[in-house]
Structures are given as structure tokens and as C-alpha cells.
Amino acid sequence: MHRWSQLFIPTLREAPADAEVASHKLLVRAGYIRQLGAGIYSFLLLGNRSTQKIMGIVREEMDKIGQEFYLPALNPREIWEASGRWTTMGENMFRLKDRKGAELCLGMTHEEVMTDIARKELRSYKQLPQIWYQIQTKFRDEPRPKSGLLRVRQFIMKDAYSFDIDAAGLDVSYLKHYDAYCRIFDRCGLKYMVIDAHSGAMGGSQSQEFMVRTPAGEDQVVSCEKCSYAANMEKAASKLASVEDLPLGLDGKPTPYEIHTPDQRTIEDVANYLNVSPKHTIKTLAMMVTGKDGKTGKTEQRALVLLLRGDHQMNEAKLSAAVGGKETRPMQEGEIQELFQSPAGYLGPLGIDWAKDMEVSNKPALLVDKALEGRTNLIGGANKENYHLKNLTPGKDFHPTAYVDLRRVTAGEDCPNCGSPLRIDTAVEIGHIFKLGYKYSESMGARVLDRNGKEVAPIMGSYGIGIERILTAAIEQSNDENGFWLPPSIAPFEVVVVSTNAKDEAIRSASETIAQQLEASGYDVLLDDRDERPGVKFKDADLVGIPFRINVGKKVTEDTVEVVQRSTLHKEDVKISAISEYFQGLRSTAY
RNA sequence: CGGGACGUAGCGCAGCCUGGUAGCGCACUUGCUUGGGGUGCAAGGGGUCGCGAGUUCAAAUCUCGCCGUCCCGACCA
């Protein structure tokens with residue numbers, strides 16, 4: 001039996017001044033966590049109980065599909081060199097030296113260690129498939145830890161890795177994880193969505209993220225109001241209404257011609273001045289790309305010009321993907337003048353010798369958004385102050401280096417699947433599954449013999465869940481100014497029994513009895529037996545995330561107590577003799 | 001890493017401009033009081049004013065350096 005009077009639950013009336021998001025303020029106020037440093041937190045009794053319950057659920061579901069390991073957080077440099085990530089992980093990796101001067105790092109993820117086990121131990125296709133997982137502490141030297149537990153430098157992750165003989169096998173392992181993740185997040189009581197994601201620096205093909213909508217989130221998610229379409233902003237697409245192109249101007253000849261547009265610099269100005277919709281104009285964005293050349297290894301800089309439909313916005317993530325992850329920045333004035341021989345405001349694609357493919361780096365590249373592919377008679381800058389061009393047709397008047405998707409989806413546009421409006425929300429990523437492919441098995445030399453006796457690399461998948469993020473997301477999803485409420489499955493206690501007057505013997509002993517009864521029926525019970533005023537206890541009970549409260553008060557003389565559901569604040573009188581049955585009933589419904 | 005802010009008791013803050021005994025609310029301790037939404041009264045305890053230099057008779061206060069934390073951006077399985 002847990003008695004509040006004997007526990008350390010340091011609740012705070014006020015949130016620390018440096019807490020910004022709801023979950024951070026409340027986790028501190030409720031005595032779940034305390035900060036040790038930037039992005040480093042201690043878990044106290046309540047916080048630890050909650051994360052232990054989350055890990056319990058994760059473990060139960062993962063045990064159905066895989067085997068639990070426990071790998072070291074301290075990793076030698078060699079395995080990270082083997083995968084190539086000793087360098088690519090850069091400053092995000094915590095590095096240290098041992099007494100002999102040997103280099104080590106703290107694991108940010110465990111593809112390397114798992115693959116190392118695989119390459120040493122797996123010999124035959126008969127040993128596949130394997131799904132290995134662990135629940136373990138990860139270290140990442142985030143450039144900017146923030147938002148309490150949302151972005152930290154040390155956290156607990158459930159990470160799993162699958163090894164299969166072929167792509168079909170990987171599909172099965174991937175699906176098993178998908179299903180397990182759904183069960184885990186359902187059991188944790190989260191409202192989540194699954195979105196298509198960018199595989200990012202990890203490589204690989206298919207990838208999905210499990211996201212929880214919250215204003216505190218750092219990721220933008222596009223989802224359909226009606227159907228199940230949902231995607232990361234980096235990947236999201238939308239259906240465009242078709243546009244009827246402008247007719248040919250002047251004598252009807254299909255060649256671009258100049259028109260005088262004095263002081264008309266913005267798309268909006270030009271469109272107004274010429275009395276056309278911005279949909280008929282071309283937006284020209286001048287950028288510079290910097291990055292290492294794949295062949296020479298030298299850091300190089302090249303001009304990159306982007307063309308979008310006038311009313312469209314550029315999506316930085318898509319651009320970054322289009323240039324292979326290199327850094328981009330807007331051109332400076334001098335650079336613009338040098339390439340276009342024209343001031344900004346009148347830039348266009350004509351008169352410049354564009355590179356034919358992205359590999360050729362001595363010429364500027366011209367990337368044209370797919371929304372302009374097939375369009376004709378557009379209006380764009382003439383590369384001459386105070387002039388624009390009419391009758392511009394991509395592919396005819398100028399030749400793009402490539403057509404790519406660069407456009408930023410905006411809320412209200414049509415879903416690519418069903419045509420219903422799309423919405424955009426910020427969200428927190430709580431889980432991620434993806435098909436790694438052969439990246440690690442090949443680079444690290446994991447090989448098995450297939451049924452033909454041929455040596456092949458196993459195909460891998462990688463699957464992660466952020467334990468603390470489940471707690472954080474749950475709080476973000478369910479809180480008010482007085483505190484928060486967790487789903488019973490992950491709450492530190494399921495019920496708090498509040499003895500409203502510690503000095504009243506009838507109330508005191510009834511509280512005791514009720515708490516014992518419920519505990520005997522298998523509930524996690526906290527008995528608030530402190531010698532405090534009822535108001536203090538109610539405030540604390542509302543604060544700390546326990547989903548149900550039993551108020552034991554004067555009505556004990558009538559064999560009655562009050563049950564309060566924290567989420568709704570709904571109150572109900574229940575006979576003490578029937579309290580266990582009452583909660584059994586709840587378990588089948590609200591639980 | 002670029003921009004901004006902050007650092008005074010466990011938490012929230014004032015004091016700094018104009019240098020001179022370090023303060024308020026909550027929390028904590030003791031006593032009484034109260035007992036269904038942070039009860040009231042009284043008496044207490046608790047501070048290297050982030051750290052280090054400098055200026056000065058005298059520094060929380062002025063100057064310089066460093067450290068730490070938060071926010072925006074960049075970054076990000």
C-alpha cells in the first residue's frame with residue numbers, strides 16, 4: 001500500500017519560469033521530474049512509475065514478435081567507423097577517450113552493435129528471420145534541447161532491428177512492427193496517426209512515423225480530413241486544380257516577348273498590373289548550394305535556381321532532398337547580379353546556360369517544380385529591370401536541369417487520394433519504423449548463406465519508440481490549468497483515495513479499508529493519508545495525473561464515497577461495499 | 001553555430017538605473033486554529049546575490065572575462 005504521507009511527491013504550486021510547454025510545466029509541478037542540466041532530467045517516484053508502466057507495455061507487445069536484448073551504451077569507435085557513421089554523426093555524438101586513449105562514443109542508436117552481433121553470429125538463412133530489440137538509454141548531443149522531455153540529450157528508447165533473407169521477409173517483419181506499435185500506442189491510450197515519412201539520413205526505402213498531434217510538437221504533419229492520407233510535411237503532396245493556360249499574346253506567335261512592368265517586383269504586383277492570376281506567373285528563387293562534391297570530396301558552391309508557380313511556396317525539406325541533403329541559402333545581391341545580370345524582382349530563366357544534370361557542377365542548375373511541367377505561356381522575369389516576359393513555356397523556351405516536387409502543401413488543398421481538404425498540424429513523433437535495406441549489413445559485412453549456398457547480406461529493418469515521449473504526448477493530449485490525467489495503463493497510480501479529514505477516525509479507517517480493498521482487487525492505489533486540508537489534497541490529486549479519485553468524507557456514515565473521474569471531473573456517489581465492483585465495471589468501459 | 005533574454009532562499013519574483021545592514025509571496029519548522037477546493041494567527045529557520053577578476057573606503061548593484069539556463073533560428077531517426 002502506498003501512503004502519500006510517506007512518499008516523496010514534491011508538487012509545486014508554480015511552474016519553473018523556464019518551462020514553456022504544458023507537459024514540461026506539469027511534469028515538474030507534479031513532481032515527476034527534475035532538471036539536472038540542459039536536456040538532462042531525473043525521474044522521481046511518479047515519473048519513474050509511469051515510464052516503468054510504459055516500458056512494461058512495450059515489452060509485452062514486443063515479446064510477441066521479437067527477443068529482448070540489452071546492449072551497451074558505451075561503444076568503441078571501430079564499429080561506427082565500419083558503418084561510416086563515426087564521421088556522419090558529427091557533433092550529435094558524444095565522444096570520449098578511455099585511459100589508454102582509445103576512442104569511444106555513447107550510443108545514439110544501435111544499428112552498429114546489432115549488426116556486429118549479426119555479422120559474428122548469423123551464418124545461414126535458416127537462422128532468419130530475427131527480430132532483436134532492447135529498451136535502453138540513448139545519448140544525443142542535441143544542438144538545442146528543449147520543451148522538457150520532448151527533446152533531450154539522454155532518453156530511453158525501445159529500439160528493434162530485423163534481419164531477413166529477402167525483401168519479402170522484411171515486409172513481414174515491418175508489418176509485425178507496424179501492428180505491434182499500434183497495439184502499444186492503443187494500450188497507452190494515445191490518439192496517434194501513422195504518416196509516410198522521409199527516410200532521412202538513415203537510408204532505406206519505406207518509412208512511417210507514429211505521430212501525436214500537439215501544439216508543442218516540432219514536426220509538421222499533413223493529413224486528410226476524410227481518408228487515411230497522412231504524411232510528413234517533407235513528403236506531403238496535394239492534388240492541384242488544373243489551370244487553363246493563357247492564350248498566346250500579341251501576334252499569337254509562340255515566342256516569349258518583353259513587356260514593360262515598371263516598378264513591379266513582386267508576383268502580386270506583376271499579376272495585378274497585367275491583370276492575370278498569379279497561377280500564370282513563374283516565381284524565380286535564386287539559391288546557392290554548398291556541399292561536398294561526391295567525387296572530388298571538395299567543398300563546392302554552385303548556383304541553383306528554382307522555378308515555382310507564382311502562388312506556390314517552396315518546401316525547404318523537399319529542396320534539401322532534391323539536392324541530396326546539401327546546404328542551401330538564398331543568393332546575395334551581388335551573386336544575383338552576377339548570374340542574372342539583373343536586379344531581384346525581374347529574375348527569369350532565359351539567357352542562362354543551365355546545367356543538364358545535377359552532377360555537372362560548373363554550371364547553375366535549374367530546378368522546376370512539377371506544377372509547372374506541361375504549362376504554357378507563363379509570365380516570368382526578363383532578367384532586365386522593369387521588364388517581364390510573356391509566353392514562357394518550360395521545356396521549349398528554357399530547359400530545366402530537372403522537374404522536381406518543391407512545392408509546399410498548404411492547409412485546405414486537396415488530398416491526393418480522395419480530394420478532401422488537407423489539414424496541417426504540429427505533432428510529436430513517438431515511434432518510427434523503417435526498412436533499412438542493406439546499408440549496415442553490407443557496410444559492416446554481415447553475410448549468411450542462402451538456400452543455394454550463396455553468400456548474401458541479410459536485409460534489415462529498424463524500429464524505434466521514445467519511451468518518455470509517450471508520457472509527454474499523453475500529457476500534452478490531456479491537461480488543463482489544474483494538472484493532467486493519464487490513461488490508467490500508464491498512470492503512476494490508477495486511483496487515489498483521499499481521506500478528507502485525517503483526524504476523523506471514521507473517515508480515516510474507511511479510507512484505509514477502501515484502499516486495501518482496491519489493492520486486493522489488483523489496482524494500483526495511492527492513499528492520501530496526509531494531515532492536510534481537503535482543498536490541498538484535491539488540488540494535488542488533480543495535478544499528478546491519476547485518472548480516478550475517491551473522496552472519503554462525511555458520507556462514510558451512510559456507507560458512501562464519491563468517485564471522481566479526472567478527465568471529465570464527473571462525480572458519482574458509490575456505496576463503499578460496492579467500490580470494487582464499481583471499478584471492475586469501469587475497467588470494461590472507460591479503461 | 002547566429003540572434004535575444006535571464007541567473008538574488010526549494011519555487012515564483014522585487015532590489016541593480018542613482019554602490020552603503022538582502023527583501024516579498026508561496027513552501028519549510030514550532031504552537032494554536034481550521035477541516036469538502038491551496039484555512040487563519042503567531043513565532044522561527046534558511047542566501048558564497050552563478051563563478052572569477054577589476055574599479056572603489058565600500059559591489060547583488062559599476063566594468064571585463066567565464067560558466068549555466070531558456071527562447072527564436074540553424075540542426076535533428
Side-chain angles (χ1 to χ4, degrees), chain A residues 8 10-21 24-25 28-29 31 34-41 85 88-93 107-111 138 140-148 150-153 155 157-161 197-204 207-211 217-219 232 234 316-317 320 325 327-329 428-436 439-440 461-466 469 482-483 498-504 507-508 528 530-543 549-556 561-562 564 569 571:
Chain A
F8 184 62
T11 59
L12 262 28
R13 231 181 239 232
E14 286 170 295
D18 53 19
E20 195 81 358
V21 301
H24 184 196
K25 288 180 184 164
V28 175
R29 281 191 58 205
R34 287 294 183 263
Q35 183 172 26
L36 182 62
I40 312 175
Y41 288 88
R85 293 206 290 186
T88 55
M89 283 307 190
E91 303 233 277
N92 261 28
M93 182 182 260
M108 327 171 49
T109 170
H110 282 76
E111 279 82 4
K138 303 291 187 238
R140 297 182 187 181
D141 194 1
E142 290 290 339
R144 190 174 159 211
K146 59 183 284 202
S147 308
L150 237 36
R151 182 161 291 278
V152 289
R153 297 195 293 172
F155 59 98
M157 183 186 242
K158 185 290 298 172
D159 49 322
Y161 307 86
H198 204 51
S199 327
M202 306 296 307
S207 162
Q208 286 167 299
E209 291 172 338
F210 290 75
M211 309 290 290
E218 299 184 278
D219 296 321
N232 195 308
E234 298 164 8
E316 307 255 1
S320 166
E327 260 181 57
T328 56
R329 60 166 176 83
V428 175
E429 176 186 348
I430 51 172
H432 196 163
I433 54 179
F434 60 91
K435 297 181 181 174
L436 276 178
K439 178 172 165 152
Y440 297 93
S462 160
Y463 318 87
I465 289 179
R469 279 194 176 177
N482 290 319
V498 176
S499 167
T500 56
N501 187 342
K503 295 215 167 72
D504 183 315
I507 290 175
R508 196 202 59 76
D528 190 351
R530 295 175 296 170
D531 183 10
E532 287 287 352
R533 307 251 318 169
V536 174
K537 295 185 173 189
F538 294 159
K539 287 283 184 197
D540 272 346
D542 283 349
L543 174 62
R549 165 160 54 111
I550 299 176
N551 292 334
V552 183
K554 291 198 183 94
K555 278 188 261 181
V556 285
V561 291
E562 189 178 57
V564 186
L569 297 176
K571 292 177 184 165

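Owing to the predicted nature of the structure, the values given are computational and were not obtained by experimental measurement. In the text below, chain A, chain B and the rest are named by the order of the sequence lines, each starting its count at 1.
Residue-to-nucleotide proximity on RNA chain B shows that, of A/Asp159 and A/Arg549, the 5′-proximal contact is made by A/Arg549.
Residue A/Asn551 is in base contact, counting any heavy-atom pair closer than 4.0 Å across all strands shown. Heavy atoms of A/Ala502 sit nowhere under 4.0 angstrom from any nucleic acid atom. Across all strands shown, A/Gly553 has heavy atoms under 4.0 Å from base atoms, whether or not it also approaches the sugar-phosphate. A/Lys146 comes within 4.0 angstrom of sugar-phosphate atoms only, judged by non-hydrogen atoms across all strands, and of no base. Residue A/Arg153 is out of contact with every strand shown, counting any heavy-atom pair closer than 4.0 Å. Residue A/Glu429 is classed as a sugar-phosphate contact, given heavy-atom separations below 4.0 Å to backbone atoms only. Counting any heavy atom pair closer than 4.0 Å across all strands shown, A/Asp540 reaches a base atom.
For A/Lys539 against B/G37, no side-chain N or O and base N or O form a donor-acceptor pair under 3.5 Å. Residue-to-nucleotide contacts include no donor-acceptor pair under 3.5 Å from the side chain of A/Arg140 to the base of B/C76. The base of B/G36 sits with one of its N or O atoms less than 3.5 Å from a complementary donor or acceptor on the side chain of A/Glu562. At a cut-off of 3.5 angstrom, counting only N and O atoms as typed in the model, there is a donor on one side and an acceptor on the other between the side-chain of A/Asp542 and the base of B/G37. For B/G35, its base never sits under 3.5 Å from the side chain of A/Arg530 at any donor and acceptor pair.
Applying the 4.0 Å criterion to OP1 and OP2 of B/C11, one finds that A/Arg29 has every side-chain N and O outside that range.
Rounded to whole angstrom, the span from the CZ atom of A/Arg144 across to the P atom of B/C1 amounts to 15 Å. Following rounding to the nearest Å, A/Asp531 (CG) and B/G38 (P) show an atom-to-atom distance of 17 Å.
Between the side chain of A/Ser462 and the backbone N or O of A/Tyr161 there is no donor-acceptor pair closer than 3.5 Å.
For B/C28, the paired base is B/G44 (Watson-Crick or G-U wobble, both distances below 3.5 Å).
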